[in-house]
Peer 1: 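Before I ask anything, let me first share the structure, which is written out below as structure tokens.
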Number of protein chains: 4
Amino acid sequence: MTAPQRRNPQTRDAILAAAFELCHERGYAAVTIEGVAARAGVGKQSIYRWWPSKGLLVLDAFRDHLDPRLATPPAADLPLAGLPELLQRTAALLSDPRYGRMLADLVAAAQHDPALAKDFHEKVYRPNREGTLDRIHRAQRAGELRDIDPDLVADLLFGPLWFRLLLMQSPPTPEYANRVIETTLAGLRPA
Amino acid sequence: MTAPQRRNPQTRDAILAAAFELCHERGYAAVTIEGVAARAGVGKQSIYRWWPSKGLLVLDAFRDHLDPRLATPPAADLPLAGLPELLQRTAALLSDPRYGRMLADLVAAAQHDPALAKDFHEKVYRPNREGTLDRIHRAQRAGELRDIDPDLVADLLFGPLWFRLLLMQSPPTPEYANRVIETTLAGLRPA
Amino acid sequence: MTAPQRRNPQTRDAILAAAFELCHERGYAAVTIEGVAARAGVGKQSIYRWWPSKGLLVLDAFRDHLDPRLATPPAADLPLAGLPELLQRTAALLSDPRYGRMLADLVAAAQHDPALAKDFHEKVYRPNREGTLDRIHRAQRAGELRDIDPDLVADLLFGPLWFRLLLMQSPPTPEYANRVIETTLAGLRPA
Amino acid sequence: MTAPQRRNPQTRDAILAAAFELCHERGYAAVTIEGVAARAGVGKQSIYRWWPSKGLLVLDAFRDHLDPRLATPPAADLPLAGLPELLQRTAALLSDPRYGRMLADLVAAAQHDPALAKDFHEKVYRPNREGTLDRIHRAQRAGELRDIDPDLVADLLFGPLWFRLLLMQSPPTPEYANRVIETTLAGLRPA
DNA sequence: CTATAATCGAGACGGTACGTCATGTCTTCTT
DNA sequence: AAGAAGACATGACGTACCGTCTCGATTATAG
């Protein structure tokens, strides 16, 4: 038993870059394994060897280009454990022309691709969700939030942002994120 | 000189039924014009003659089977102009195994199909949205809601429901809808 | 039940012509369904719709271009029922640069393609064989040949021609065919 | 300056055995360098290092398993210098289920592989041919055969055998070989 | 008794072609 | 006309092998 040739990182990078660029220039629907292979100067097999589907490839390409932005900023000792900042950053990402459409398309593709859905959850959704829940906990312990199921709180805050991205023509701005959090904090009932 | 034959309603119905059933049994991604034609016992041309794309066909099939459920119930003189009931009905629809997935798939497909997006907006989204805004107005005039941009209010209420349908594994239940409206009304700030 | 669109003869001809030309210019091994489709300006499916394999396609292309030459000339009342002429024509065909190689390649491909073997037999081999056996019969009845199993006689006459085509570098010339028939008639035993 | 490691005979044998067996079980067309490597438990490179093509590999595998049978038996002082025996042995080989098909496939492959054709000629065809010509010479000198071009004589005797192997469904039996030689000796002309 | 260099297994890689599927357009014939 | 049937050019799918390449591990002399 001897060691085989290892995965070539240049190939990997060329593929991810090509996927990302194509997704950008022509949109997710126009991304094609053949197109990615051609643009990356790579055989199709080299894609299928490492990624089982277009969806997971684009997801990886997305994450490869985004890592720093996805990192949740420190909870610090900001008011509300930094929840307002987090919400604004999310809105900025969703409305960023480079990433918003791609995220929307990935979420869309995940609707009929369980493997993609699973990966999206584990690699993108869950990490962010956990950071969010942690912040909510801190804010609750600090007495800044009512003692409600943090999962519900997270939904109330982030649901409207995704709603605008996916169902309306206009993705959410940071300003919109502010109005969401302020209104949610205060409630809808008249004083 | 004879009159041209008009559109055959049986053909139309067979196509819509086939599309709906296929979408159900195998999922939106597996719906195919050829498959619909075969199942409906119809020539492909008879589909292309009347629908420009798979997305719009499925949307029509969906609406054909759903019309009564989509009709917004009367605002009546329920508390909050019936907003809680509306939210529950929506949650019930989104979590209905027959319609939830299909709606999610349609919204997903609309992400990269402008024509479908347009139609979905005009035929599904806007009518419901207008009913919602109307209710919010009434509730505000009745002094049951603060005087905030009704669009924002609508987002805050419905965003979480779609968020659960599209981004989480579990679609929203009517019970969940209740918690959303109650919490939103009261706000997150501790008493 | 209505009538579908019929097979388009122009498509058929373009495919056969492309196959024949490619087989010529680059040899049978280099003939490719994709190549034929490209050269014929045709979709691959249009080839697969009508031919199950490359071998049968090339065989058809061959026959399409050859029909007149394959037609056995009349037995007439030539000596030996025209067997010498038939043998010469065969040799001429096998050594014709346009058809010899192609025939050799088809026979070769038939070695591991039962469907091709079957078709080759029915469409090429058998018709010629039957003509040959008929001539042998006539010659026997005319007292010009001994009364031996005509199948064996046919093998003795044609075997050497194919032997030269398939196993030696040099295909048989009509002159060679003459020597074969003369020697076979006279036998190898010294006088 | 040190001596390189020599070729490993176990590897060589494993490859030839795998090639031979695969060619048997699935037929020449299904033999694949990758398949041979897998079956032999060998890297592909170890095949490409020593054989330039599938054809030459299979030819080697064939010869490796056959050598004794291919050796022409001694001309002895049998009648006709043992030509009848040689013809029967050849027929037996061509109709042997283990070797006939393989030989046919090799001859077939040689039609569009000059390197294979060359090797087949030098290693298989020519040695046998020379033995045959030698026998014919002896028989002629012994006055048992007419004084005709020995090459033609060889063609007349062996052509029919290969004809049956390559163009008809049934390979030649030793009994058939007998009829060939007897009839050829006597000639086709009536007495 | 090392040092070195070819052999070997494994398998990644850029390619080419495979045979299949669905697209949207077209043509044909039937009602 | 509208409709069922399906041929057609197109283009992507995912797979199979090709022949080349790189990667350690493994010998087997030549120094």
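Protein chains get the first letters and strands the later ones, always in sequence-line order, with residue 1 at the start of each.
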Peer 1: According to salt bridge (charged side-chain N to carboxylate O under 4.0 Å, His left out), who are the partners of C:Arg39, at least two apart in sequence or on a separate chain?
Peer 2: C:Glu21, C:Glu25
Peer 1: For D:His24, enumerate each residue passing the side-chain hydrogen bond (donor to acceptor under 3.5 Å, both in side chains) test, keeping only those at least two apart in sequence or located in another chain.
Peer 2: none
Peer 1: Sequence neighbours left out, cut at 3.5 Å: what donor-acceptor pairs do the side chains of residues 41-50 of chain A make with other protein atoms?
Peer 2:
unit_1  : atom_1 : unit_2  : atom_2 : d
A:Lys44 : NZ     : A:Glu34 : OE2    : 2.9
A:Ser46 : OG     : A:Arg49 : NH2    : 3.2

Peer 1: Which residues satisfy the salt bridge (charged side-chain N to carboxylate O under 4.0 Å, His left out) test with A:Asp113, sequence neighbours excluded?
Peer 2: none
Peer 1: With A:Asn8, which residues qualify under side-chain contact (heavy atoms from CB on, under 4.5 Å), at least two apart?
Peer 2: A:Gln10, A:Thr11
Peer 1: With D:Gln169, which residues qualify under side-chain hydrogen bond (donor to acceptor under 3.5 Å, both in side chains), at least two apart?
Peer 2: C:His121
Peer 1: Checking C:Tyr28 now: which residues fulfil side-chain hydrogen bond (donor to acceptor under 3.5 Å, both in side chains) with it, not counting sequence neighbours?
Peer 2: none
Peer 1: Of all residues at least two apart in sequence or in a different chain, which pass the side-chain contact (heavy atoms from CB on, under 4.5 Å) check with A:Ala104?
Peer 2: A:Arg101, A:Leu165, A:Leu166, B:Gln111
Peer 1: Using a strict heavy-atom distance below 4.0 Å, which residues from residues 23-51 of chain C are in contact with DNA chain F?
Peer 2: C:Gly41, C:Val42, C:Gly43, C:Lys44, C:Ser46, C:Arg49, C:Trp50
Peer 1: Just jot down the side-chain hydrogen bond (donor to acceptor under 3.5 Å, both in side chains) partners of C:Glu122, sequence neighbours excluded, or say none.
Peer 2: C:Lys118
Peer 1: Heavy-atom contacts under 4.0 Å between residues 105-120 of chain B and DNA chain E, which residues?
Peer 2: none
Peer 1: Can you list, by residue number, the residues of residues 10-19 of chain B that have a non-hydrogen atom closer than 4.0 angstrom to DNA chain F?
Peer 2: B:Thr11
Peer 1: From NZ of B:Lys54 over to C1' of E:dC21, roughly how many Å is that when rounded to an integer?
Peer 2: 13 Å
